[in-house]
Amino acid sequence: MLSGIRIYASDNIWRQILADLGATVMPALDTGIINFDDLELGKCPTPMELKSVILAACDNSETLYAIFGQNTVLPHIQTQIVVMLYKTGGMSIGQLKSALGYAPDVSTHALDTAIYQLRQKYGRGFIKNINGVYSLGKL
C-alpha cells in the first residue's frame, strides 16, 4: 500500500504499522524522507486516510523530472497518477483508485478525467491501457 515511500517515525508502534503497509521505515530522519511525526493525523486514521496524508506529503519533483526531463508542475491528481504509474510500472484502474485514496469500486470520473487531460497535453501514447492495465508510454 505504501511501497516506494521512505518515511521516518519515532514511535515504534507506528514504525511497525508503516512497515506492515509496505513503506520503507528509515532509522533516522534525512533529506527526502517523510517525517511521520510532523504529519497532522486524526486520533484513529483509517488506512486510506493515512495513505492519503502520506502521499500528499511526498515531494515528487525529482520523479517528475525523471519522467519529463525538466521541471514540471501538474495538478495534484495528475501528479499522483503519473508518479504511481512510473513507480509501479502499471496498475489497473481499481489499484490506481485504491492507491489514490478512493475505494476501488467507487464510481468516479476524477481519474478518467485526469488521464484524459494528461493524454490531451502529452499525447495519446503517454498513458497506455493494455488489457486493463494503465502504464506510462512515450512523451
Side-chain angles (χ1 to χ4, degrees):
M1 185 162 136
L2 296 174
S3 67
I5 295 178
R6 297 170 10 134
I7 194 164
Y8 169 78
S10 61
D11 183 272
N12 286 331
I13 294 171
W14 275 114
R15 292 175 65 79
Q16 184 61 51
I17 291 169
L18 294 166
D20 289 346
L21 292 173
T24 302
V25 181
M26 306 304 290
L29 188 58
D30 195 7
T31 306
I33 297 172
I34 297 169
N35 185 354
F36 183 81
D37 298 342
D38 287 346
L39 299 179
E40 295 182 19
L41 294 170
K43 200 167 194 177
C44 296
T46 67
M48 285 302 174
E49 290 169 336
L50 177 65
K51 184 174 186 174
S52 292
V53 169
I54 290 172
L55 288 176
C58 291
D59 176 10
N60 293 308
S61 58
E62 289 180 22
T63 304
L64 290 176
Y65 188 87
I67 295 166
F68 293 101
Q70 62 186 10
N71 290 331
T72 305
V73 177
L74 297 172
H76 180 71
I77 192 166
Q78 291 180 17
T79 299
Q80 295 304 107
I81 290 170
V82 170
V83 168
M84 286 291 175
L85 294 179
Y86 178 77
K87 288 183 176 182
T88 63
M91 300 174 89
S92 71
I93 194 69
Q95 292 170 324
L96 199 51
K97 284 179 183 178
S98 291
L100 296 174
Y102 296 96
D105 58 349
V106 73
S107 178
T108 179
H109 293 288
L111 298 179
D112 297 329
T113 301
I115 290 169
Y116 173 80
Q117 291 168 338
L118 286 164
R119 286 176 170 163
Q120 288 292 308
K121 187 170 184 177
Y122 298 107
R124 177 101 177 115
F126 179 59
I127 296 182
K128 304 180 293 184
N129 183 347
I130 301 172
N131 296 326
V133 176
Y134 287 91
S135 62
L136 291 183
K138 305 245 184 220
L139 282 174

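For this chain, numbers begin at 1 and follow the sequence in order.
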Does a side-chain heavy-atom distance below 4.5 Å link [X] with [Y]?
X	Y	answer
F36	V53	no
L21	I5	no
W14	I7	no

Report the distance from atom [atom1] of [X] to atom [atom2] of [Y], rounding to the nearest 0.5 Å.
X	Y	atom1	atom2	result
T113	Q120	OG1	CD	11.5 Å
L96	Q80	CG	CD	10.0 Å
Q78	I81	CD	CD1	7.0 Å
I67	K87	CD1	NZ	9.0 Å
R119	K128	CZ	NZ	11.0 Å
I115	F126	CD1	CZ	11.0 Å

How about CD1 on I13, more than 12 heavy atoms from neighbouring residues, nucleotides or ligands closer than 6.0 Å, or not?
no
Would you say F68 has more than 12 foreign heavy atoms packed within less than 6.0 Å of its CZ?
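More than 12 heavy atoms, drawn from other residues, nucleotides or ligands, come within 6.0 Å of this atom.
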Nearest non-hydrogen partners of M26 and R15, listed with the distance
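Residues M26 and R15, closest heavy atoms: O-NH1, 3.0 Å.
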Taking every non-hydrogen atom, the tightest pair across S135 and G89:
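Closest heavy-atom pair between S135 and G89: CB-O, 3.4 Å.
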Say whether [X] and [Y] are linked into one hydrophobic cluster, either directly or through other cluster members, by side-chain heavy-atom distances under 4.5 angstrom.
X	Y	answer
V106	L111	yes
L139	Y86	yes
V83	I77	yes

Look at the side chain of R6 and the backbone N and O of T24, then say whether any donor-acceptor pair between them is shorter than 3.5 Å.
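Not a single qualifying donor-acceptor pair exists.
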T79 side chain to L74 main-chain N or O, any donor-acceptor pair under 3.5 Å?
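Yes, T79 side chain to L74 backbone: donor-acceptor pair under 3.5 Å.
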side-chain contact (heavy atoms from CB on, under 4.5 Å) with Y122: which of L136, V82, T72?
T72
Indicate whether any N or O donor in one side chain lies under 3.5 Å from an N or O acceptor in the other, for D37 and S10.
yes
Side chains of N12 and Q16: donor-acceptor distance under 3.5 Å anywhere?
no
